[in-house]
Enquirer: 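This is the structure I have questions about; it appears just below.
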Amino acid sequence: MAQKDSSNDLDSALANGCVADLMAGLEQRAFSATELTDACIAKADAAKPLNSLITLCDEDARGAAQHIDEARASNQTPTSALQGLPIAHKDIFCTEGVLTTCGSKMLSNFVAPYSATVVERLRDAGTITLGKCNMDEFAMGSSNENSFFGAVKNPWDLNRVPGGSSGGSAAAVAAGIVPAATGTDTGGSIRQPASFCGVTGVKPTYGRVSRFGMVAFASSLDQGGVFARTADDAARVLGVMAGFDERDSTCAQDTADELRAVTDAGLEAPTDKLTIGLPKEYFADLTDELAKLLDDARAVLEAQGHNVRDVELPNTRFAIPSYYVISGAEASTNLSRYDGVRYGHRCENPADLNDLYTRTRSEGFGAEVQRRILTGTYALSVGYFDAYYLKAQKLRRLIQQDFLGAFEDVDVMLAPVTPGPAFEIGNLTDDPVQMYQQDIFTVPASLAGLPAASIPCGFVDDLPMGMQLIAPHFDDLKLLQLAHQYQQLTDWHNSRPPMASAAGGKS
Amino acid sequence: MSGGEDLTRWGKWEPVIGVEVHVQLATQSKIFSSSPTAYGAEPNSQANPVDLGMPGVLPVLNEAAVRMAITFGLAIGAQINRHSIFDRKNYFYPDLPKGYQISQFEDPVVGAGKLTFTLANGESRTINVTRAHLEEDAGKSIHDLFPGASGIDLNRTGTPLLEVVSEPELRSPAEAAAYFRTLHALVTSLRICDGNMNEGSMRCDANVSIRPRGQSELGERTEIKNVNSFRFVERAIESEIARQIEVLEGGGKIERETRQYDPERDETRAMRGKELSDDYRYFPDPDLLPLTIDETMIEELRAALPELPDAKRERFVSTLGLSDYDADQLTRDPDVAAYFETLTNANVEPKTAANWITGEVAGALNKAEQSIVDSPVSAITLSALLARVSDGTVSGKIAKTLFDTLWETGGGGRSRERGRDREASETQDAALAAIDALIEEKGLKQVSGASELQALVDQVVADNPDQVAQFRAGKEKVLGFFVGQIMKSTQGKANPKQLNELLRETLKA
């Protein structure tokens, strides 16, 4: 009898996916770390059709769980508020001794010799790595259709994309495989899949989370972040991830103490009444359904006493071209190291050096990656540098200035994340430029380095959609608090896709 | 000025030479990673994930390298740029793991400065240094060790380099070599480079072109890469000038290309294959912040500058009375200069000290292939020996024998501390005592007592009446015979100067 109760507690806790509840359950011995880990592994097996994981670390995970149970049994105090929490890492984070592929054939044989700072910190905080999440190859994509390991399916509709590039991480959380997963966001790669999968996705301020060990796509844009069911969950995990790391020269000299405190204490609603801006350029061409969802969200926040007003970000229209030039340029050089010489894929029987490079890279990289390397190389080349790269950086500065100016009048902004809900697999693969337009609402905050999150705010055609909150630099906490408050007043984040339904879950 | 270099020896042609020198900075760890920079380790044993360009790694700037760069800039009176940028220089080669080199392109840390050097004829030339910037070294490719393959050793990858670029103002191979040599003396005296040419601590690229004398337009240039000896720099440029003249006078055109000097054949050859592309697609490295240098650091480094070779050379000439030649010889290596000054501080006559260093000491060091910091005869020990020559205890000739003994035994029985630490622990008194003990032990004390010597002189004069007659008849050279005899009977210990005087006195009569 007791067994069944505890497994109900476990199923219930997992289905609701609240980190605080899971930690309490472990603390109170309602279930053990091993039971929790086993339950997640079972979920992973059941959710195989989603193809959300590239590597399942079942053995290591069970070992870690057992270790934690033994420590608890001998009454050792827990190492942190996240001890025993199963999580998954986007396969862009180096995990020592574990395959780290970046969704690419180029690294399909690469076992990382060291772990990323993010991985180390979460491990030291007691989390258990359940597996490595599928992703668009080298983080380039908005649908997770660009993975060497096959497309990821959206748990809400297996014919649709989960979004990208962190599609696997978003799907894993949405399907209830793990309560939280790390991701990276360069132009929207956390926020957009969060919207498509009905989960909370957070991209912190650029420089908050160390990029050491996070395979580089676009160095001045990449940021590590997190997926979870709620803002509270996400903040607890982010609190462990964030903070200065001397191994990353672009990391902010900031210990992120205020975020660290949230890991133990959880989030509260904002103490002040905030002024929330609606950037009018983002609301120009929305579908009626999406406009309605955002308007409802606005109303919820206004009812709490926050003020809402319009703001202008006039250079928004330059964001996509600027982003694709800058990210392509940086990516083109970041990916030069994949040459078949020291690690990763190498073509067979290279005839000479040139052949080694040409065939290794042509075989190892997928079409989208090759496309971006070529355009990025072009943008940096003699004769084109000024017209493309330099111009894009100038536009970037203007876009950032738009935000800084608007933030003198508002505390936070509310905006759409994606133009519509998840599209069908294969719909946009023939038109890369149209695919790029998916990022239209997420790219500006990336260019400006601002913290931004996607919060579930309703359904369109029975598919989830998110709203975007954007805050000034280093106001991550304020952003999370507002999201938390919204989630205390709404229920969207509690919806579960049919395949994840279990005791206590809605479908 | 006598005998200036003949700059007209190329007929109507005038060479135009600019030099880029890569100076390996003597930091403990690499410029962007914590790997050690020590030379000579097993291949690929000093390359960590950052050096290897593993996925996800990031560079972190080594402050010591920046300080050394600023020190160099201050020493050449250059502008120190308070704000400089690291750029990616993109090209593919197996010894360049990331597929780009982190360097500085448009905004280097050190701006324009000057370097003055002296030519063989004593003439002084001042050359403008365009800039000096920080960058990381690449690894080494070894093409002849593995059949059908090349070996890549990445130990050197990431070693900090300071690339010093001169304006194309050098007018001859000799000038280029003198410039290179002077730069070497400077960076070693600043202790920012160990100056070990064999280990590749300094490498020179020379850009060479020729034009008809009087033309202001520059001719097409070629780049001779990676020369790591002063002599080879001179010969490489010499042969390249000759080659270019031959090509142009034969109606051909100079191709802009990189060439390598082959010392066996004394010629330059176009480098095989185009390993370097023309378009490096430089752009600011987004993994590194702009380098901002504050005034405090600059002033701190300025105050810590040691006496520079020029100033030292000046001082040796004007205050210590050395010749230009001796001063130049002694200031090429800061350790040699330090050894010299220990001698002069211990009251050795500067000229004597100079002679001994460029003579006995240099000879012994060359034979043993050692550098002066490892000399078994410390400066203090030598100063004690020379004190005993100066006060007549031993003759100069005997001193040389004693020097050899000291060299063998490692400095008068003292414990063998190496390097600069030793100087601090030796005292003049202890050294004198040791020398005296050695002189006593070997019985080499000079015979200088007037009566003793007189007795010997009287004896030899009495024994050799024919030679006495010859001398008195005007054959000066016979004096040598008498000196020889007495030297033989005293086993060389007679004080030569006194002996000479006494002989002349005695024979006069």
Side-chain angles (χ1 to χ4, degrees), chain A residues 92-94 100-102 106-107 110 112-117 138 210-216 218-222 245-251 326 329-330 332-344 352-354 356-357 361 376-385 389-390 393, chain B residues 32-34 44 47-63 86-102 105-106 139 141 143 148-154 157 272-275 277-291:
Chain A
I92 202 171
F93 288 99
C94 285
T100 301
T101 70
C102 294
M106 189 62 88
L107 292 179
F110 179 69
Y114 73 100
S115 283
T117 298
F138 284 108
S210 170
R211 292 188 297 115
F212 186 78
M214 203 174 96
V215 180
S219 317
S220 72
L221 294 156
D222 294 342
D245 178 14
E246 63 182 11
R247 293 179 292 183
D248 175 357
S249 302
T250 60
C251 215
I326 293 171
E330 293 180 1
S332 73
T333 75
N334 282 331
L335 269 59
S336 293
R337 65 193 62 197
Y338 305 110
D339 56 10
V341 174
R342 297 168 311 292
Y343 53 79
D352 55 33
L353 188 60
N354 223 36
L356 171 71
Y357 289 153
R361 291 166 67 82
T377 306
Y378 182 85
L380 289 175
S381 53
V382 145
Y384 300 106
F385 180 91
Y389 185 77
L390 199 54
Q393 289 284 28
Chain B
F32 295 117
S33 84
S34 57
N44 295 313
N48 69 14
V50 176
D51 307 319
L52 291 168
M54 289 255 143
V57 297
L58 295 171
V60 179
L61 182 59
N62 180 341
E63 186 181 316
F86 285 100
D87 299 290
R88 293 187 181 178
K89 177 179 181 181
N90 296 282
Y91 65 94
F92 285 92
Y93 202 65
D95 66 15
L96 191 69
K98 295 188 297 296
Y100 59 86
Q101 175 195 30
I102 300 177
F105 183 48
E106 286 179 333
S141 300
H143 301 293
S150 294
I152 309 289
D153 177 9
L154 295 173
T157 313
R272 230 186 326 199
K274 264 242 164 180
E275 69 186 28
S277 82
D278 285 331
D279 183 6
Y280 294 115
R281 304 191 302 284
Y282 284 102
F283 77 105
D285 193 327
D287 287 332
L288 291 165
L289 301 179
L291 178 59

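Basis for what follows: all heavy atoms, side chains included, without hydrogens, waters or symmetry-related copies. In what follows, chains are A, B, ... by sequence order, proteins preceding strands, each numbered from 1.
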Enquirer: What's the spacing between B:Met54 CE and A:Cys94 SG if we round to 0.5 Å?
Expert: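 It is 9.0 Å, given to the nearest 0.5 Å.
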Enquirer: Restricting to non-hydrogen atoms, name the atom on B:Asp287 and the atom on A:Ser249 that form the minimum distance, rounded to 0.1 Å.
Expert: O-CB, 3.4 Å
Enquirer: Please classify the contact between A:Glu246 and chain B as side chain, backbone, both or neither, with a heavy-atom cut-off of under 4.5 Å.
Expert: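 The backbone, not the side chain.
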Enquirer: Please determine, among B:Gly99, B:Gly53, B:Ser33, the option with the most heavy-atom pairs under 4.5 Å with chain A.
Expert: B:Gly53
Enquirer: Does a side-chain heavy-atom distance below 4.5 Å link A:Leu107 with B:Pro55?
Expert: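 Yes - at least one pair of side-chain heavy atoms lies under 4.5 Å apart.
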Enquirer: Which atoms of A:Phe110 are under 4.5 Å from chain B, going by heavy atoms: the side chain, the backbone, both sets, or neither?
Expert: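 The side chain, not the backbone.
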Enquirer: How many angstroms lie between CG in A:Leu353 and OH in B:Tyr93, if you round to the nearest 0.5 Å?
Expert: 7.0 Å
Enquirer: Against chain A, label B:Pro97 side chain, backbone, both or neither, depending on which of its atoms sit under 4.5 Å from a heavy atom there.
Expert: both
Enquirer: To the closest 0.5 Å, what do you measure between OG1 (A:Thr250) and CG (B:Leu58)?
Expert: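 So the OG1 of A:Thr250 and the CG of B:Leu58 are separated by 6.5 Å.
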Enquirer: Is chain B contacted by the side chain of A:Thr377, its backbone, both, or neither, given a heavy-atom distance below 4.5 Å?
Expert: both
Enquirer: Rounded to the nearest 0.5 Å, how far does CG of A:Leu380 lie from OH of B:Tyr280?
Expert: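 Separation between the atoms: 15.5 Å.
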Enquirer: Quick one: what part of A:Asn354 sits under 4.5 Å from any heavy atom of chain B, side chain, backbone, both or neither?
Expert: neither
Enquirer: Look up atom OG in A:Ser336 and atom CZ in B:Arg88, then write down how far apart they are to the nearest 0.5 Å.
Expert: 8.5 Å
Enquirer: I need the minimum non-hydrogen distance between A:Phe212 and B:Val50, along with the two atoms involved.
Expert: CE1-CG2, 4.4 Å
Enquirer: Taking all heavy atoms of B:Val60 and all of A:Asp248, pick out the closest pair and write down the distance.
Expert: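 So the two residues come closest at CG2-N, 4.5 Å.
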Enquirer: For A:Tyr384, which atoms come within 4.5 Å of any heavy atom of chain B: side chain, backbone, both, or neither?
Expert: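 Neither part; nothing is under 4.5 Å.
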Enquirer: According to the interplanar angle, ranging from 0 to 90°, do the rings of B:Phe92 and A:Tyr357 count as parallel (below 30°), tilted (30 to 60°) or perpendicular (above 60°)?
Expert: tilted
Enquirer: Which one of A:Val382, A:Val341, A:Leu356, A:Ile92 has the most heavy-atom pairs closer than 4.5 Å to chain B?
Expert: A:Val382
Enquirer: With a 4.5 Å cut-off on side-chain heavy atoms, are B:Asn44 and A:Arg342 touching?
Expert: no
Enquirer: Compare all side-chain heavy atoms of B:Phe283 with those of A:Thr333 and state whether any distance is below 4.5 angstrom.
Expert: yes
